[in-house]
There are 2 protein chains.
Amino acid sequence: MVHLFHEMTLMLWLNPMEPLTTAQQELYDWLIDYIRANQHSPSIRQMMRAMNLRSPAPIQSRLEHLKNKGYIEWSEGKARTIRVRDDVRGVPILGTIAAGFVNEAFTDAVERLDLNGLPIQSGDYALKVTGDSMVEAMIQDGDVVIMRPVKDPQGIREGTIVAARVESGTTLKSFHRQGNQVQLKPANPNYPVMEFPADLVDVQGRLVAVWRGIDPDFTV
Amino acid sequence: MVHLFHEMTLMLWLNPMEPLTTAQQELYDWLIDYIRANQHSPSIRQMMRAMNLRSPAPIQSRLEHLKNKGYIEWSEGKARTIRVRDDVRGVPILGTIAAGFVNEAFTDAVERLDLNGLPIQSGDYALKVTGDSMVEAMIQDGDVVIMRPVKDPQGIREGTIVAARVESGTTLKSFHRQGNQVQLKPANPNYPVMEFPADLVDVQGRLVAVWRGIDPDFTV
DNA sequence: AAAAAAGGCTGCCCTAGGGCAGCCTTTTTT
DNA sequence: AAAAAAGGCTGCCCTAGGGCAGCCTTTTTT
């Protein structure tokens, strides 16, 4: 059983794109980091130095491969115009999961919500929520939940909302311990609390954020 | 009264940074659009052409001004390295406002949530929610709501969630009409429905998205 | 083990593109 | 109205940085 779960977690990270060689992957990872940090592409010479090469040619061929495999693109002949493919940015949605008054007036921006990156880490993934079992936790059908892989399942706090895989499927629930058992509690009285031996519960991630786009056609 | 409201809406868009001259603003706007569309900075020559100039010098001086006023920055001497200041990206947070099971396993990404831009338009702004008057609409204290300015208040659908300013302050409520009156309905039975003459209600935006970052210390 | 692909290097070409002096014109401030 | 700032232009310099031929070495596939 446990083996099955491990296969699952691996599947989660399967890359749907053509695989990269070690050198290509190394360049790609460095490139992603550089672009994220600097907001612009490095030059081929910079990549050459970063990869400890003494000539730009290898970088050019690796870039060519990355381009052919669909990872990046650039404007021919123009400096620093490499961009990562659109759908690689952002968080991958891996599937679906069951689940007064102020008197101050608006003035200037007091802080900013940086949707370009702030609370999301590399490795995070998203799930689209189906069902209403978490409505009392303010998560409803159609929401997108951003999950973070859990390295140490022992360290999960009581009540953390997690995506947990048990034999019947994967579900978004509140995580609780009861001796050797794990309880997965819905946030909706119409659903039962589920209880499993701890080793049959594979926690695939914990909730770090919720995104809800409002469809204007559904605002009654 | 109505005049006051108009002053408010203007205040909303006050730019806290040093103002730009027309030429600088024009370049800045073009630059923002270009970077958003292409994922990389244009070259000075490109800007020269876009601004219908015959020499790069004016662009250089405008960029210098934009830099001194804190709008942009770049790496000296490196091509296409202009970046917009960090806190200008993303959505400005303008203040605070009262307010089952699947058997499919996760596999590959079915689609992607592009946090870099997808559902947000230029002009949108964010408000941090305080209070629990919208809990039944799944919006809770601490959430960040992304709002879109409403061009035509007549066109607001019944039940749309809006940020509305009335004489007592600004509030996040569900918008309803009752003859010449406007009803602002909370999504919480503990709060009263409010009713005002339509011309005393200034709708400052409608809800387009909700973002909730989960503080790991509060996951009980 | 053999063949193919990828990686690496030297060395060179050449242009995209940043920078700036000097001077004039237009716009904005005072 | 005068002064200051911003905008514009010509014209030039020069290097950051893309591109590639040719050949060898290492890794990956078959």
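Just so it is clear, the values below take in all heavy atoms, side chains as well, and ignore hydrogens, waters and symmetry mates. Small disclaimer: the values here were computed from a predicted structure and weren't measured. Labels below follow one simple rule: chain letters A, B, ... track the order of the sequence lines, proteins then strands, and each chain is numbered from 1.
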Write out a two-atom table: protein N or O, nucleotide N or O from nucleotides 1-6 of chain C, distance below 3.5 Å.
none

Tabulate protein N/O versus nucleotide N/O from nucleotides 20-24 of chain D, keeping only pairs under 3.5 Å, one per line.
{"from": "D/dC20", "atom 1": "N4", "to": "A/Q60", "atom 2": "OE1", "distance (Å)": "3.4"}

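Minimum heavy-atom separation, A/K69 to A/T21: NZ-N, 4.3 Å. Across all non-hydrogen atoms, the minimal contact from A/D141 to A/G131 is OD2-N, 2.6 Å. Residue B/P56 comes nearest to B/I44 through the heavy atom pair CB-CG2, 3.7 Å, listed as atom of the first residue, atom of the second, then distance. Nearest approach of A/A79 to B/R80, heavy atoms of both residues: O-CD, 2.6 Å. Across every non-hydrogen atom of A/A137 and A/I161, the tightest pair is CB-CD1, 3.9 Å.
Atoms NE2 (A/H40) and P (C/dG17) sit 14 Å apart, rounded to a whole Å. With rounding to whole Å, A/Q25 atom CD is found 12 Å from C/dG7 atom P. Taking atom CZ of B/R80 as the reference point, atom C1' of D/dA16 lies 13 Å away to the nearest angstrom. Atoms CH2 (A/W74) and P (D/dG17) sit 17 Å apart, rounded to a whole Å. What separates CD1 of B/I44 from P of D/dG17 is a distance of 13 Å, to the nearest Å. Protein atom CD1 of B/I59 is 18 Å distant from nucleotide atom P of C/dA16, rounded to whole Å.
Considering only residues two or more places apart in sequence or on other chains, A/R212 meets the salt bridge (charged side-chain N to carboxylate O under 4.0 Å, His left out) condition with A/D143. For the side chain to side chain donor-acceptor pair (under 3.5 Å) test, residues two or more places apart in sequence or in another chain that qualify with B/S174 are B/H176.
Taking CD1 of A/I156 as the start and CZ of A/F175 as the end, the distance is 4.5 Å to the nearest 0.5 Å. Rounding to the nearest 0.5 angstrom, the gap separating the CG atom in B/L31 from the CD1 atom in B/I82 is 5.5 Å.
Evaluation of atom-type donor-acceptor distances gives a pair under 3.5 Å for the side chain of B/R45 against the base of C/dG18.
Within residues 46-54 of chain A, no residue places a heavy atom under 4.0 Å from DNA chain D.
The closest donor-acceptor contact from the side chain of B/S55 to the backbone of B/A57 lies under 3.5 Å.
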**OP:** Starting at the 5' end of DNA chain D, write a dot or bracket for each base, bracketing those in Watson-Crick or G-U wobble pairs whose two distances are under 3.5 Å and using | for partners on another strand.
**Re:** ||||||||||||||||||||||||||||||

**OP:** For the pair A/H40 and A/Y34, evaluate ring-ring contact (aromatic ring centres under 6.0 Å, His included) and give the outcome as yes or no after the intermediate values.
**Re:** CA-CA 8 Å; A/H40 60 250; A/Y34 183 97; 5.8 Å; yes

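Sparse packing is recorded around CG of A/N180, with 12 or fewer heavy atoms of other residues, nucleotides or ligands lying under 6.0 Å away.
Nucleotides of DNA chain C nearest to A/A79 and B/T22 differ in position, and the one nearer the 5' end is that of A/A79.
Two residues are said to be in side-chain contact when any heavy atoms from C-beta on lie closer than 4.5 Å; B/H65 and B/L20 fail this criterion.
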